[in-house]
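The chains referred to below are lettered A, B, ... by the order of the sequence lines, with proteins before strands, and numbering in each begins at 1.
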Protein chains: 2
Amino acid sequence: MNRRLSDTAPNLPTLADVARVAGVSTATVSRCLNSPAQVQTATRDRVLSAVATLGYSPNFGARALAARRTGIIGAIIPTMENAIFARAIQAFQEELHLSGLTLLVASSSYSPEIEADQIRTLVARGADALLLIGHDRDPGIYDFLAQRGVPVLIAWAYDPTQARASIGFDNRRAMAGLADEVLRLGHRHIGMISALAAGNDRARDRIAGVHDALRGHGLDPATLHLIETPYSIANGAEGMAQLMALPTPPTAVVCGNDVLAVGALQMARQLGLSVPQDVSITGFDDIELATVVDPALTTVHVPHRDMGRAAARLLVDMVGDGVAPTPVCLDTNLCFRGTLAAPKT
Amino acid sequence: MNRRLSDTAPNLPTLADVARVAGVSTATVSRCLNSPAQVQTATRDRVLSAVATLGYSPNFGARALAARRTGIIGAIIPTMENAIFARAIQAFQEELHLSGLTLLVASSSYSPEIEADQIRTLVARGADALLLIGHDRDPGIYDFLAQRGVPVLIAWAYDPTQARASIGFDNRRAMAGLADEVLRLGHRHIGMISALAAGNDRARDRIAGVHDALRGHGLDPATLHLIETPYSIANGAEGMAQLMALPTPPTAVVCGNDVLAVGALQMARQLGLSVPQDVSITGFDDIELATVVDPALTTVHVPHRDMGRAAARLLVDMVGDGVAPTPVCLDTNLCFRGTLAAPKT
DNA sequence: CTGAAAGCGCTAACAC
DNA sequence: GTGTTAGCGCTTTCAG
């Protein structure tokens, strides 16, 4: 029993209608809406009451066409399905809202092709600027964006060698700091479960960080037993199973992120290993999950909310004055919780 | 050391440019882009190569203005910060993408005022249709949407008494089913930790479900010790602490969702209570969190992905033919895991 | 401070 | 199958 939603296209009031009712020109109505200060109070009141009585609200397409901007900021994140990005994006959106901008989010499922497609879609949907995660992508994409005059801000990565507006943290240094603690406790057989490194500079930097720490302790980075796997709890568990099946299993497993670490933790439990007595496990990100598991995860805290908020402010400036800010680097810090201890002797 | 992003506004090619280069009219170019089948292959190739050489892509505002639609579908969810909505929204977006539509998401932080504001924003941003969670909101909002001719689909709730397009599940029956199992095991002192019921029909329905089950077992619904609290792990823990401090603490705590249940679980552990020996705990939603905790949560599985996908298909039809579908009810099912057992005798 | 009017770039009748 | 053309509703000079 379906019914028509509307029998006729709704005939909404236009600027001209408001102008007629208020007895002014359309230009004046437009000004009342966009820069009220330029209009005399009396006139403005008349116009605003006309707006109210007619239930007028501006047509988006017309406004976008004439003003040559939409007030829409696009963001493409690898996935919406976990808290890592959700938190930052939520803060990003709240902050954009304060400046009257709207967020248009898409997710790439960690696929460069899908991401490229989404970028084109967002630009086609009128995004005034874009937030992207990490620097790593086909240069053609940056050319495209530059040609279309769409400002881009890169988040989640700090890399001063990339001459692009960015806000993030030093993935490599942060992970090196954590791995250093692991080594300092006496671990010598280290395993690592990382997200897929291809097209993911954050993952690569975190791996490089572990290598750095190994070198710092006079160990050969090649001894790191590295497993790369897609992003999910199940994959973390799978990776852990592989590591533990090694002839000499690692005494500590450093994970590229908390989700993989939680999977590893689950597998350890399933294998009858106690953490951290039998094996230590560390994460990265410090999402809610990290404190929900038992024992709670030792991990690297990333200021997601701050990054989201700051990203919004940078982007607002970029669309405003067309100026590219210098790269911003946020601090991370280590969270020592229950999953890391010295190896059994 | 800031630099200009662009020295001049980019002067992008227009339809007319493409038409000139290809030696056809703008109408033909438009057709090539929108309904290629209507154009002869030879002409089309010529046009498409002109598009490619010029690097043309359509102006969003102009298109929206002329076509009177944007291809943008808005969705407002209570929060992006947890998996409940993220999963469904991800599926929703993927499915919309197949129809060439783009998702514009906003979140209301469970606040009716923010939601109303977001609805206006999304409509102002040109959303062709809206996905909203639950029926419960100021009728003025529905009037506004009807006046603007914006179709709405309600998700997460099935309520045939509401004459609105919707897709969801029977929150009340599902929760009654779970509570019935709890009672069947012999529990007689039941506590409940629910999300705030004001403006949240899903929460109210779940409470009603517990009441139903109580009645079904000849018990007075008034004996249910109910705690309402905002949505977070910490709040779940807090609620649990309150329940356990009661003169006769409940032997089973039914939670309105998995997030609250995980908080309750955490608090139980902290209070030195073992679950389910000392107290049983149940959740609702079956998000990833539910299987990560130990013991894993007994909960109600909701087909989030299916709901998201199906919602997208319904909405595509609604914007396509302007027809309102009849309400759709999806099945939920109980997941018995480790947190529910008979009470100690 | 306000008005007139010229587009903005595209779509969709309609005509051929 | 393709071209002509009239808007779509707003913003923004430019005059006054």
Side-chain angles (χ1 to χ4, degrees), chain A residues 8-48 50-51 54-72 100 123-126 128 148-149, chain B residues 8-48 50-51 54-72 100 123-126 128 148-149:
Chain A
T8 59
N11 228 93
L12 301 171
T14 70
L15 245 210
D17 296 326
V18 177
R20 199 174 321 109
V21 170
V24 297
S25 72
T26 58
T28 300
V29 179
S30 177
R31 283 187 201 104
C32 284
L33 269 27
N34 298 306
S35 35
Q38 286 180 37
V39 181
Q40 210 147 22
T41 320
T43 326
R44 193 167 55 207
D45 290 347
R46 208 143 32 87
V47 170
L48 292 181
V51 166
L54 290 174
Y56 168 81
S57 68
N59 174 290
F60 174 66
R63 184 192 279 247
L65 178 57
R68 318 184 122 273
R69 59 191 169 63
T70 56
I72 290 179
V123 171
R125 290 307 186 225
D128 288 338
R148 308 278 314 174
Chain B
T8 58
N11 228 93
L12 300 171
T14 69
L15 245 211
D17 296 326
V18 177
R20 200 174 322 109
V21 170
V24 297
S25 72
T26 59
T28 299
V29 180
S30 178
R31 282 187 202 106
C32 284
L33 270 26
N34 298 306
S35 36
Q38 287 180 37
V39 181
Q40 209 148 24
T41 320
T43 326
R44 192 167 56 206
D45 290 347
R46 207 141 36 86
V47 170
L48 293 181
V51 165
L54 290 174
Y56 168 80
S57 69
N59 176 292
F60 174 67
R63 183 191 278 242
L65 177 56
R68 319 185 121 274
R69 61 194 165 61
T70 58
I72 290 178
V123 171
R125 289 304 188 228
D128 288 337
R148 309 276 315 175

Taking the side chain as C-beta and beyond, is there a heavy-atom pair between [X] and [Y] under 4.5 Å?
X	Y	value
L33(A)	L48(A)	yes
N59(A)	T14(A)	no
P36(B)	V39(B)	no
T43(B)	R46(B)	yes

Phosphate OP1/OP2 of dT2(D): any Q40(B) side-chain N/O under 4.0 Å =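 For dT2(D), OP1 or OP2 has a side-chain N or O of Q40(B) closer than 4.0 Å.
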request  = Might you point out which heavy atoms bring A19(B) and T26(B) nearest each other, and give the distance in Å?
outcome  =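 Scanning both residues, the minimum pair turns out to be CB-N, 3.8 Å.
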ask   = Whole-Å distance between dG3(C) C1' and R44(A) CZ?
value =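 Computing the R44(A):CZ to dG3(C):C1' distance gives 18 Å.
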note = Going 5' to 3' through nucleotides 6-16 of chain D and flagging B where a protein heavy-atom sits under 4.0 Å of the base, S where only the sugar-phosphate is that close, and - otherwise, we get -BBBBBBB---
